[in-house]
Number of protein chains: 2
Amino acid sequence: MPTDPLSATFSALADPTRRAILARLALGETSVSELAEPFAMSMPAISKHLKVLEHAGLIARSRDAQWRPCRLEPAAFKTVDAWLDRYRRFWEARFDRLDAYLQNLQAAEAAPQKRTRTKKKPSK
Amino acid sequence: MPTDPLSATFSALADPTRRAILARLALGETSVSELAEPFAMSMPAISKHLKVLEHAGLIARSRDAQWRPCRLEPAAFKTVDAWLDRYRRFWEARFDRLDAYLQNLQAAEAAPQKRTRTKKKPSK
DNA sequence: GCACTATTTTACCAATAAGTTAAATAACGG
DNA sequence: CCGTTATTTAACTTATTGGTAAAATAGTGC
């Protein structure tokens with residue numbers, strides 16, 4: 001299973017149950033059964049979700065007697081944020097002409113000729 | 001297929017090929033064949049990836065003669081950022097005692113009794 | 001209309017994911 | 001030790017995903 005870490009993380013986030021688990025964990029560390037409580041789903045299912053989240057680096061687990069408390073793990077969140085950051089300037093183009101201009105400029109450089117055949121249908 | 005939009009978006013991002021396509025599109029709008037070029041993959045495969053990205057709200061497609069130029073669509077990126085933002089305070093805990101303190105406080109409130117049985121093994 | 005280019009659709013396959021139930025493990029507490 | 005609680009593993013089912021090759025569709029240009 002040579003899936004790259006970032007894919008594993010996004011994949012883990014692509015499930016409402018898992019995101020709900022993360023939301024709960026944002027309130028603080030807690031046990032598996034407590035995490036499972038709000039869901040109409042068997043324990044093993046939750047256990048699997050937690051394994052996915054752990055493998056994705058989004059949570060970490062420790063041991064306390066027969067409980068396995070889970071907590072959020074910042075690293076993966078940071079990674080996602082860093083990835084997203086490369087696109088931030090893109091959606092934060094606040095009616096900024098310059099931004100659009102630069103974007104088009106880069107587009108022109110990146111995709112040069114190749115379209116020197118025809119441009120648009122003339123009129124009809 | 002009633003998958004919620006955010007799941008669809010994260011799911012779309014959970015693939016290196018699709019992320020590479022987005023990276024290319026960050027340089028500017030371009031055609032399907034040009035997007036396909038760097039990949040050792042058939043056209044239909046790329047076409048499917050684009051459909052996934054479009055359905056996820058990450059790109060939009062227009063028509064220009066027989067080309068179907070693709071471009072980034074800010075909306076879905078924004079949504080992901082907004083989701084992530086709820087966790088930002090979590091990983092930006094800059095050695096801030098207060099942050100940890102608040103987090104534990106919330107944890108205590110969120111997970112009250114329930115663990116009134118035993119606490120820790122005494123000493124051995 | 002015909003040949004050509006760009007792209008999508010269809011039909012198929014193998015691998016993975018998400019859930020299930022039943023059984024196994026781990027740790028406590030008397 | 002035994003019974004109980006918490007959690008995971010195993011085995012299985014079904015649906016989805018990512019890829020393929022071959023055929024269909026859409027638009028251009030002579």
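Labels below follow one simple rule: chain letters A, B, ... track the order of the sequence lines, proteins then strands, and each chain is numbered from 1.
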**Message:** Is there a side-chain contact between B/D81 and A/R88 in this structure, where contact means two heavy atoms from C-beta onward sitting under 4.5 Å apart?
**Reply:** yes

**Request:** Write down the distance between CG (A/D64) and P (C/dA26), rounded to a whole number of angstrom.
**Result:** 17 Å

**Prompt:** In whole Å, what is the span from the CG atom of A/L53 to the P atom of C/dA17?
**Reply:** 13 Å

**Item:** Value in whole Å for how far the P atom of D/dG18 lies from CZ of B/R19
**Value:** 12 Å

**Asked** Among all residues two or more places apart in sequence or in another chain, which pass the side chain to side chain donor-acceptor pair (under 3.5 Å) test with A/R86?
**Response** none

**Message:** On the nucleotide D/dG19, are OP1 or OP2 found under 4.0 Å from the side-chain N or O atoms that B/S42 carries?
**Reply:** no

**Residues that A/R61 engages under salt bridge (charged side-chain N to carboxylate O under 4.0 Å, His left out), provided they are two or more places apart** = A/E54

Each nucleotide N or O in nucleotides 7-11 of chain C that has a protein N or O under 3.5 Å away: list the pair and distance.
from, atom 1, to, atom 2, distance (Å)
C/dT7, OP1, B/V32, N, 3.1
C/dT7, OP1, B/R68, N, 3.3
C/dT7, OP2, B/S33, N, 2.7
C/dT7, OP2, B/S33, OG, 2.0
C/dT8, OP1, B/R61, NH1, 2.6
C/dT8, OP2, B/S47, OG, 2.6
C/dT8, O5', B/S47, OG, 3.4
C/dT9, OP2, B/K51, NZ, 2.9

**Asked** B/F39 has an atom CZ; how far is it from atom P of D/dG18, in whole Å?
**Response** 14 Å

**Message:** Among residues at least two apart in sequence or on other chains, which ones pass ring pair (Phe, Tyr, Trp, His ring centres under 6.0 Å) with A/Y87?
**Reply:** A/W83, B/F77

**Request:** Rounded to the nearest angstrom, tell me the gap between atom CG in A/L35 and atom P in D/dA6.
**Result:** 13 Å

**Message:** Nearest whole Å is fine: how far is D/dT8 C1' from A/H55 NE2?
**Reply:** 17 Å

**Request:** Sequence neighbours left out, what passes side chain to side chain donor-acceptor pair (under 3.5 Å) with A/S7? Give chain and number order.
**Result:** A/D4, B/R19

**Asked** For D/dT7, does either OP1 or OP2 sit under 4.0 Å from a side-chain N or O belonging to A/R63?
**Response** no

**Request:** Just jot down the side-chain contact (heavy atoms from CB on, under 4.5 Å) partners of B/M43, sequence neighbours excluded, or say none.
**Result:** B/V32, B/S33, B/A36

**Side-chain N,O (A/H49) to OP1/OP2 (C/dG19) below 4.0 Å** = yes

